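These notes concern the structure reproduced below.
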Amino acid sequence: ALPNVVILATGGTIAGAGASAVNSATYAAAKVGVEKLIAGLPELGKVANVRGEQVFQVASESLTNDNLLVLAQRVSALAKQPDVDGIVITHGTDTVEETAYFLTLTVHTNKPIVMVASMRPGTALSADGALNLYDAVSVAGSKDAMGKGVLLTMNDSIESGRDVSKNFNIKPSAFVSQWGSLGMVVEGRNYWFRAPVKRHTMNSEFDIDTIKSLPPVEIAMGYEGVASTAIDALGKSGIKALIHGGPGNGSVADRIVPSLQKVRADGIVVIRSSRVPDGFVIRNAEQPDDKYDWVVAHDLRPQKARILAMVALTKTSDTKELQRIFWEY
Ligand SMILES: NC(=O)C[C@H](N)C(=O)O
């Protein structure tokens, strides 16, 4: 018998449409409904019994915290159903890494949850969505994909939803995980080479079934000539944590340090992250994190550090606990 896979559609370029076949970059995202996506790919019926649900129809840069909660709650409810073997989520590429990480942290299931997106709309020459979706459904229906956390299938690769980031804005090979892909999909068969070691899904201390809202967390970038304007304003905006996306090893300009100290003194958690795509921030290197009571974001880019901070703050605002969470997830 074939596995039962539910496709939750949220929009993005994988549901996009352009005026002509040469429009690979100028097109409208989030136009095509999930039923049409499924009907356009009859090959799906060979690897799984699929059914679709339209959860949202938006370009992913416009998704909100409330959208994240609604989606994760739906994924969690479906994963509890005995007649569901796996879940695929079609999504825009711009923020799919954030949603993937959020689900990794909050949905308690061993069943495969596979994110999928495309860099070109379905109307374009060499559109990548159909094969990516076929790959996602075949991975979601595979027992080998169980217990590996939330995944992303793009460009023949199976990526860890925790590690993966969009590293190129145009190419179909846009997604890279700095610690390597987990596997590959070829002709609907998945091949595995590694598994994540960070805590996720079943082993997470966070559970979407008990999370009702997310605290506001914002990001301030570091760069040459940076002024304290953004940090000072954010400090007064009601946020619970501020991610500093600094250059290099998450370094912080001398003239900004007093502003970050003030933010911390006002009870806001300061998390030091790096804007460099790869690598990880080392505690007490560049800045005395122990002395300032700051947290470091480990290997998470600012946008992923924000996701973990929001989730962690639903349980604790103790900086020692938060640092433990940043090491473990
Ligand atoms: N390729 C894409 O999906 C980009 C689009 N802006 C989105 O994230 O929805």
Side-chain angles (χ1 to χ4, degrees), residues 7-38 40-41 52-72 74-75 87-104 113-137 139-140 150-177 181 185 219 277 301-304 306-307:
I7 302 178
L8 297 179
T10 71
T13 297
I14 195 164
S20 86
V22 297
N23 291 122
S24 60
T26 51
Y27 58 86
K31 288 285 163 204
V32 181
V34 67
E35 296 309 331
K36 202 169 164 196
L37 282 184
I38 293 172
L41 197 52
E53 282 180 30
Q54 193 76 46
V55 187
F56 315 118
Q57 185 64 293
V58 292
S60 69
E61 63 272 20
S62 296
L63 286 168
T64 64
N65 287 353
D66 285 344
N67 290 151
L68 278 183
L69 294 174
V70 167
L71 179 64
R74 187 65 193 131
V75 173
I87 297 160
V88 166
I89 301 161
T90 65
H91 200 289
T93 56
D94 288 353
T95 64
V96 67
E97 65 199 75
E98 296 167 52
T99 301
Y101 192 37
F102 183 73
L103 298 175
T104 296
I113 302 170
V114 186
M115 314 291 302
V116 65
S118 80
M119 294 300 291
R120 297 175 180 150
T123 46
L125 293 172
S126 279
D128 52 334
L131 181 56
N132 290 347
L133 180 56
Y134 179 75
D135 288 349
V137 169
V139 172
V150 175
L151 305 166
L152 170 76
T153 58
M154 290 285 292
N155 202 39
D156 303 343
S157 291
I158 307 169
E159 306 292 339
S160 152
R162 176 201 183 270
D163 294 343
V164 77
S165 271
K166 188 175 185 179
N167 275 26
F168 206 103
N169 69 329
I170 296 285
K171 291 184 185 181
S173 58
F175 284 84
V176 179
S177 302
S181 302
V185 202
I219 299 170
R301 299 290 74 79
Q303 65 273 22
K304 292 223 188 204
R306 175 180 168 272
I307 295 287

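When a ligand or atom number is given, it counts from 1 through the structure's own listing order. Fair warning: this is a prediction, and the values are worked out from it, not measured in the lab. Positions are given from 1, in the same order as the sequence printed here.
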* Rounded to the nearest 0.5 Å, what separation is found between the CE atom of Met115 and the OH atom of Tyr101? -> 14.5 Å
* Can you measure from CZ (Arg162) to NZ (Lys304) and round to the nearest 0.5 angstrom? => 7.5 Å
* Is it true that atom NZ of Lys166 has more than 12 heavy atoms of other residues, nucleotides or ligands lying nearer than 6.0 Å? -> yes
* Asked: How many angstroms lie between CD in Gln303 and CD in Glu98, if you round to the nearest 0.5 Å?
  -> 5.5 Å
* Asked: Does Ser118 have a non-hydrogen atom less than 4.0 Å from ligand 1?
  -> yes
* To do: List the closest protein heavy-atom neighbour of atom 5 (C) of ligand 1: residue, atom name, distance to the nearest 0.1 Å.
  => Thr13 OG1, 3.5 Å
* Nearest-contact summary for atom 1 (N) of ligand 1 - protein heavy atom, Å -> Thr93 OG1, 2.7 Å
* To do: Begin from the C-alpha positions of Arg74 and Glu53 and carry the test salt bridge (charged side-chain N to carboxylate O under 4.0 Å, His left out) through to its verdict.
  => CA-CA 10 Å; Arg74 187 65 193 131; Glu53 282 180 30; 2.8 Å; yes
* **Which of the ligand 1 atoms, numbered from 1, are nearer than 4.0 Å to a heavy atom of Glu61** => 5 (C), 6 (N), 7 (C), 8 (O), 9 (O)
* Could you check Asn132, Val96, Thr99, Ile89 and say which one makes a side chain to side chain contact (heavy atoms under 4.5 Å, CB included) with Leu152? => Val96
* Asked: At a 4.0 Å threshold, what atoms of ligand 1 neighbour a non-hydrogen atom of Gly12?
  -> 9 (O)
* **Polar atom proximity, Thr95 to ligand 1 (N or O, under 3.5 Å)** => no
* Asked: Going by the atom numbers of ligand 1, which of them fall below 4.0 Å from some non-hydrogen atom of Ala59?
  -> 9 (O)
* What's the shortest distance from atom 8 (O) of ligand 1 to any protein heavy atom, and which residue and atom give it? -> Ser60 OG, 2.5 Å
